[in-house]
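Input: a single structure, listed below in C-alpha cells.
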Amino acid sequence: MAEVIIVPSADEAGALVADEIIALIAAKPSAVLGLATGSTPLPVYRALASRRDEMDLSSVSAFALDEYVGLPVTHAESYRSVITREVVEPLGLKPSRVHVPNGALETIEHAGEDYEAAIEEAGGIDLQILGIGTDGHIGFNEPGSSFASRTRVKTLTAQTRRDNARFFASEDEVPMHCITQGLGTIQSARHLVLLAFGSGKARAVAGAVEGPVTASLPGSALQLHRRATVIVDEEAAAELANADYYRHAYANKPSWQGL
Ligand code: GLP
C-alpha cells in the first residue's frame, strides 16, 4: 500500500516534497520530474522556488500530466501556460526541457504516442507529483479509465468540468476533451507522490488508499505501485480508517528512508 503521511498544513506537505525533490536532483542531476497542475501542488512549487539556490536544475527535465484539447496554448488556463507560470518561471527550469501533452487539434491523433515516446527517450519519470479530483481522477483519467492506459484523449466528466469552471469565465468554456498520461503511464513513474488538502478530497483519498482497487476510482491505482507516497492534511485524512496506524508508522519511520 501507499505510505500515508498526515501533515498539519499544505505548506508542510510542500516542504516535505521539496526536500525529496532536492535530494533526488542532488543524487541524479538529470532527474525527470512529473508535474501536476491544479491548486494542490502549488505549495511544492513555492517551496522549491524559495530554495532554488540549493539545486542545479540545468539538466532536469519535466513532463506534465495533461492538457486540454483545442485550447490555444496561449490561453491563460492551458496547462502549458499554467506550468510555465507556476513552475518553469519561478524555478528557472529550461523551457526546452519541460514537456506538456500537445492538445492542438491538427496533430491530436498521434499526440499521445508522441508524448509516450518523449517520456521514454528521457529515461522515464523519476518522481511524479499527483493531485486527485473529487471523483477520484488522477491526471485527467476519469472513472472507468483502464489501468493499462497510456497517454490519450479523454472526455471530461460533467463533474470535472464543473470543478474546473472556476478557472474559466463559465462552465461552457471548459473544454470537453483533454489529453492525459494514462494510468499505465503514471504507474511507470518510479515514485508517485499524491497530495490532497481539504475536506472536499476526503472521500476520494479514502477510496484511493483504502478502498477496493477499481477503475471506478482511478486514484486506487496507487495501491498497485511499489513506491507511492500520499501526503494529506487532517481534513483530507478525515475518512481514512487507518489514520492512527499511518501516524504511528510515520512517527517511527527510520530516518534513512526518505519519503
Ligand atoms: C485537474 C487536473 C488534475 C488535478 C485535479 C485537482 O482535473 N487535471 O491533475 O489533480 O484537477 O485539482 P485541484 O488540485 O485544484 O483540486
Side-chain angles (χ1 to χ4, degrees), residues 2 7 9-11 13-14 17 33-47 62-71 73 75-83 85-87 99-103 112 115 125 127-145 149 151-168 171 173-183 185-187 189 192-205 207-209 217-222 228-233 235-237:
V7 291
S9 69
D11 281 343
V17 182
L33 302 177
L35 305 173
T37 48
S39 48
T40 305
L42 295 179
V44 176
Y45 304 142
R46 270 199 301 270
F63 287 85
L65 281 170
D66 44 14
E67 177 60 287
Y68 292 109
V69 168
L71 194 67
V73 283
H75 190 289
E77 293 306 328
S78 77
Y79 282 175
R80 165 64 76 181
S81 297
V82 172
I83 290 286
R85 198 166 59 230
E86 310 286 5
V87 192
H99 310 264
V100 179
N102 184 354
Y115 204 61
I125 292 167
L127 185 150
Q128 176 65 58
I129 300 168
L130 295 166
I132 189 163
T134 54
D135 63 1
H137 74 250
I138 53 176
F140 264 141
N141 293 281
E142 298 286 24
S145 293
S149 53
T151 307
R152 77 253 184 259
V153 171
K154 289 288 288 180
T155 307
L156 297 175
T157 61
Q159 176 68 50
T160 299
R161 291 185 72 228
R162 260 196 305 278
D163 285 351
N164 289 5
R166 66 188 193 277
F167 298 111
F168 293 84
E171 199 179 312
E173 280 189 27
V174 183
M176 191 66 74
H177 295 103
C178 62
I179 174 166
T180 179
Q181 284 188 32
L183 294 176
T185 319
I186 293 169
Q187 290 286 36
L192 303 181
V193 179
L194 184 140
L195 302 157
F197 310 120
S199 54
K201 300 291 172 75
R203 217 174 61 178
V205 167
V209 174
L217 204 149
S220 67
L222 262 73
T229 309
V230 174
I231 309 181
V232 290
D233 64 5
E235 289 76 24

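Order of listing sets the numbers, starting from 1, for every ligand and every atom in it.
The minimum heavy-atom distance between T155 and E142, with the atom names listed, is O-CG, 3.9 Å. In terms of heavy-atom proximity, A13 sits nearest to V7 at CB-CG2, 3.9 Å.
At the top of the distance list for atom 2 (C) of ligand 1, counting protein heavy atoms only, stands Y79 OH, 3.6 Å. Regarding atom 4 (C) of ligand 1, its nearest protein heavy-atom neighbour is T37 O, 4.1 Å. Here the heavy atom of the protein found nearest to atom 12 (O) of ligand 1 is G38 CA, 4.0 Å. From the protein, the heavy atom lying nearest to atom 16 (O) of ligand 1 is K201 NZ, 2.6 Å. For atom 11 (O) of ligand 1, the nearest non-hydrogen atom of the protein is H137 NE2, 4.1 Å. For atom 14 (O) of ligand 1, the nearest non-hydrogen atom of the protein is T40 OG1, 2.5 Å.
Residues T151 and F63 fail the side-chain proximity criterion, which asks for heavy atoms closer than 4.5 Å. Contact check for H137 versus T160: side-chain heavy atoms found under the 4.5 Å cut-off. Using a 4.5 Å heavy-atom cutoff, the side chains of K201 and E235 are not in contact. Contact of the L130 side chain with the L222 side chain is registered, since non-hydrogen atoms from C-beta on lie closer than 4.5 Å.
A ring-centre distance under 6.0 Å is not found for F167 and H75.
Here I186 contributes atom CD1 and I138 contributes atom CD1; the two are 4.0 Å apart, rounded to the nearest 0.5 Å. Note that CG of D66 is 4.5 Å distant from OG1 of T37, once rounded to the nearest 0.5 Å.
At least one heavy atom of G139 sits closer than 4.0 Å to an atom of ligand 1. Put simply, no part of E67 is less than 4.0 Å from ligand 1, judged by heavy atoms.
The N/O atoms of D66, backbone and side chain alike, include one that comes under 3.5 Å of an N/O atom in ligand 1.
Near N164, meaning under 4.0 Å from one of its heavy atoms, ligand 1 places the atoms 1 (C), 7 (O). Listed by atom number, the atoms of ligand 1 under 4.0 Å from R166 heavy atoms are 15 (O). Counting atoms of ligand 1 from 1 in the listed order, those under 4.0 Å from a heavy atom of G131 are 10 (O). Per-residue contacts place I132 under 4.0 angstrom from the following atoms of ligand 1 (heavy atoms of the residue considered): 6 (C), 10 (O). For ligand 1 and F140, the ligand atoms under 4.0 Å from any heavy atom of the residue are 1 (C), 7 (O), 8 (N).
When heavy-atom distances to ligand 1 are checked against a 4.0 Å cut-off, A36 has no atom that comes that close, whether in backbone or side chain.
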